[in-house]
Number of protein chains: 2
Amino acid sequence: MDKQTVTIYDVAREAAVSMATVSRVVNGNPNVKPATRQKVLDVIDQLDYRPNAVARGLASKKTTTIGVIIPDLTNSYFSELARGIDDVALMYKYNIILASSDENHDKELQVVDNLTAKQVDGIIFMGNQVSKDLRDAFNRANVPIVFAGSVDPEHQSPSVNIDYVAAVTDAVAKLVSRGNKRIAFVTGSMDESINKDYRLKGYKQALSSKRIGYDEGLIFQTDYSYKAGYALAQALQDVKATAAFVGDDELAAGVLNGLTDAGVKVPEDFEIITSNDTRFTEISRPTMSSITQPLYDIGAVSMRLLTKLMNNEEIGDKTVVLPYGLKKRQSTK
Amino acid sequence: MDKQTVTIYDVAREAAVSMATVSRVVNGNPNVKPATRQKVLDVIDQLDYRPNAVARGLASKKTTTIGVIIPDLTNSYFSELARGIDDVALMYKYNIILASSDENHDKELQVVDNLTAKQVDGIIFMGNQVSKDLRDAFNRANVPIVFAGSVDPEHQSPSVNIDYVAAVTDAVAKLVSRGNKRIAFVTGSMDESINKDYRLKGYKQALSSKRIGYDEGLIFQTDYSYKAGYALAQALQDVKATAAFVGDDELAAGVLNGLTDAGVKVPEDFEIITSNDTRFTEISRPTMSSITQPLYDIGAVSMRLLTKLMNNEEIGDKTVVLPYGLKKRQSTK
DNA sequence: ATATTAAAAGTAAGCGGTTTCATGATTGCT
DNA sequence: AGCAATCATGAAACCGCTTACTTTTAATAT
């Protein structure tokens with residue numbers, strides 16, 4: 001039944017060398033006479049030998065596998081990052097164990113322990129709350145971790161990001177400069193550091209620099225979904241907001257359509273700027289103005305950084321900040 | 001530096017039993033006296049012992065890891081499936097090695113060999129072209145494979161799908177029944193079996209049953225992207241199409257916006273039905289009518305099926321067909 | 001009590017590689 | 001030609017766990 005798998009031992013026997021030698025040629029160790037190497041290579045070819053990565057992992061303590069923790073696979077922001085990660089991982093011959101966390105604390109913990117058991121060589125983390133427990137789990141894993149498109153409020157772990165504070169400041173300032181006085185701030189939970197410590201800071205900064213008062217009533221926390229945004233339309237009108245900064249594109253699309261369906265004209269009566277410049281910004285009508293981020297690059301750079309860390313290469317700053325921009329589309333005047 | 005990891009041997013020593021016994025309690029083997037079990041459990045707790053999954057994998061030849069091959073992570077269709085897969089995988093304690101194929105033949109081959117080397121216990125494949133080489137690679141892997149939301153034209157592998165032919169027939173028939181005579185068929189490459197053998201068949205079936213001639217000129221092959229769809233607007237008008245069936249939602253959104261921007265009114269002058277009922281159908285304006293598919297379930301059922309296969313459980317039909325529907329939204333009259 | 005059987009625990013052989021160390025074969029240099 | 005230094009190879013321990021097989025202990029029967 002189980003077709004006999006060919007092992008390094010079979011190759012050794014067939015090539016009349018020791019398994020050590022086979023191992024050397026497989027791993028490109030230079031200390032092998034060309035003639036021997038060729039002989040072994042021939043046998044490998046002939047037997048269709050393929051090294052068993054599990055055995056190799058046990059012996060060498062390197063699995064060439066990394067863990068990627070992602071809050072939501074179906075969220076474009078994260079899946080774009082994941083694509084960048086994946087491409088670079090492939091480039092460096094790492095496999096990815098993907099683990100969804102749903103931003104759920106227990107699940108994150110569980111997932112990290114899982115990855116640890118599987119002996120991954122490194123971890124890329126997306127998510128914005130790092131509890132003490134999670135930090136402990138990270139440490140226990142004893143492998144490098146990189147935060148991708150996610151902030152580590154305590155700056156302990158390497159991360160790749162844009163300057164969220166500045167980006168949001170710019171975005172909101174833009175809204176202010178168009179005469180908006182009541183600008184809503186719509187994001188996910190304030191438990192997330194990115195919202196509480198970065199975006200909100202940018203929002204407040206923009207307001208105060210233009211001498212506009214801060215109004216709690218304009219702050220909306222919800223989940224990152226179209227539905228949630230759509231449902232917010234009424235509330236937004238109730239507080240007499242004339243513009244909104246939104247922390248997620250799908251959420252923004254919901255807000256946009258909710259308002260439009262309620263008869264509010266965007267951008268004439270209400271302006272919207274969103275955050276991630278994903279495909280939703282082009283698909284919605286009107287299209288949505290947005291902060292622009294190099295999503296793919298954030299992922300790619302994170303992974304590249306991780307490879308360096310895994311190789312103990314010297315790296316400069318552990319926090320890399322990529323450039324952002326502001327793209328005007330139809331949802332702002 | 002490297003904190004000493006605690007092994008099964010440490011636990012054995014500390015608990016004054018053999019490693020076999022420790023292994024038994026870890027694996028829930030009943031042949032252990034309760035008192036002994038407790039003692040071992042205590043030591044495990046005290047030492048914070050965690051079994052090394054790699055070693056376990058080597059010894060037991062089971063990695064509790066499966067491979068998932070996905071053409072494009074950022075395509076909502078696939079990421080929704082992936083979510084279903086992921087949830088069920090978690091439920092059964094499997095980890096997922098995610099591998100992007102980009103529908104690229106060589107990459108697929110490479111990826112399967114990779115997964116094989118990593119000794120995954122099973123594979124879920126998404127994609128629609130299965131070459132002889134790929135089939136060989138599948139066989140070489142020597143583990144069960146399930147096609148999720150993807151057809152196996154040769155019906156060799158288990159798969160979970162909807163009835164694409166019937167679904168497209170219904171969709172196109174709907175268009176015909178509204179008086180459309182020139183209905184475009186817009187999908188990805190005809191090299192993909194799902195397009196060539198299923199969707200096109202449904203399309204033709206619907207036409208011929210209503211005695212409408214088949215016109216090559218109405219068939220459009222492109223890639224599954226918003227841009228591609230947008231670019232098609234002119235061509236669609238040139239062939240005087242008044243409706244279109246589209247095989248992907250993002251592509252459909254492109255077609256929709258392209259036409260709209262060109263001054264064509266949807267649905268008044270042009271009707272569109274798309275295929276996957278992803279979130280794009282709700283976000284676009286007008287919203288898009290679509291075939292509905294239980295995306296999450298397709299993924300979930302695929303994974304469940306795979307677990308059965310991996311356990312050598314008896315299964316009924318290797319091909320499971322889930323129900324589809326048709327959802328009318330604003331892009332059709 | 002003693003023989004019989006079942007349950008609990010231990011021994012040790014792998015799983016398929018990597019890697020350290022020892023040894024034999026080459027090469028270089030005087 | 002003779003000896004040190006270098007290169008190529010092999011032997012074997014080890015990575016951390018599972019598991020078949022054996023032995024010891026406990027339970028039941030006679």
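Naming: A, B, ... by sequence-line order, numbering from 1 per chain.
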- Starting at CG of B:D10 and ending at C1' of D:dG16, how long is that distance when rounded to a whole Å? 10 Å
- Task: Answer yes or no: is there a side-chain heavy-atom contact under 4.5 Å between B:I315 and B:L309?
- Result: yes
- Can you figure out which of C:dG16, D:dC17, D:dC21 approaches the side chain of A:N52 most closely? C:dG16
- Return no unless some side-chain N or O of B:K62 is found under 4.0 Å from OP1 or OP2 of C:dC15. no
- Message: Tell me the interatomic distance from B:Y9, atom OH, to D:dC14, atom C1', rounded to whole angstroms.
- Response: 14 Å
- A:K118 NZ to D:dG16 C1', straight-line distance once rounded to whole Å: 16 Å
- Test side-chain contact (heavy atoms from CB on, under 4.5 Å) applied to B:T64 and B:K93, step by step: CA-CA 7 Å; B:T64 58; B:K93 311 224 185 285; 6.0 Å; no
- Distance check: side-chain N/O of A:S60 vs OP1/OP2 of C:dT19, anything under 4.0 Å? no
- Counting just side-chain N and O atoms, does A:S23 come under 4.0 Å of either OP1 or OP2 of C:dT18? yes
- Given C:dA9, C:dT18, D:dC17, the nucleotide with the shortest approach to the side chain of B:M19: D:dC17
- Query: What does A:V17 touch in the nucleic acid at a heavy-atom separation under 4.0 angstrom: a base, only the sugar-phosphate, or nothing?
  - Reply: sugar-phosphate
- Query: Would you find a donor on one side and an acceptor on the other, under 3.5 Å apart, between the side chain of A:D72 and the backbone of A:T74?
  - Reply: yes
- Nearest-neighbour nucleotide for the B:A55 side chain, C:dG16, D:dG16, D:dT18 considered: D:dG16
- Query: A:R56 side chain N/O closer than 4.0 Å to the phosphate oxygens (OP1, OP2) of C:dG16?
  - Reply: no
- Indicate, with a heavy-atom threshold strictly under 4.0 Å, whether A:T7 touches base, sugar-phosphate, or nothing. sugar-phosphate
- Rounded to the nearest angstrom, tell me the gap between atom CG in B:N27 and atom P in D:dC17. 11 Å
- Under a 4.0 Å N-O cut-off, is there an ion pair linking A:D87 with A:R83? no
- Task: Describe the nucleic acid contact of A:T21 in one word from base, sugar-phosphate, nothing, applying a heavy-atom distance below 4.0 Å.
- Result: sugar-phosphate
- Query: Distance check: side-chain N/O of A:K61 vs OP1/OP2 of D:dC14, anything under 4.0 Å?
  - Reply: no
- B:K33 NZ to D:dT24 P, straight-line distance once rounded to whole Å: 16 Å
- Message: Which is more 5' along DNA chain C, the nucleotide nearest A:V22 or the one nearest B:N31? Just name the residue.
- Response: B:N31
- Query: Counting N and O atoms only, with roles assigned by atom type, does the side chain of A:D317 sit under 3.5 Å from a partner on the main chain of A:T319, one being a donor and the other an acceptor?
  - Reply: yes
- D:dG16 base / B:R50 side chain donor-acceptor hit below 3.5 Å: no
- Would you say B:Y49 reaches D:dC17's phosphate, i.e. side-chain N/O to OP1/OP2 under 4.0 Å? yes
- Give one of base, sugar-phosphate or nothing for B:R37, where a contact means two heavy atoms less than 4.0 Å apart. nothing
- Item | Sub-4.5 Å side-chain heavy-atom contact between B:V301 and B:L322 | yes
- Message: Reading DNA chain C from 5' onward, which residue's closest nucleotide shows up sooner: B:V32 or B:L58?
- Response: B:V32
- Item | Gap between atoms CD1 and P, on B:I8 and C:dG10 respectively (whole Å) | 12 Å
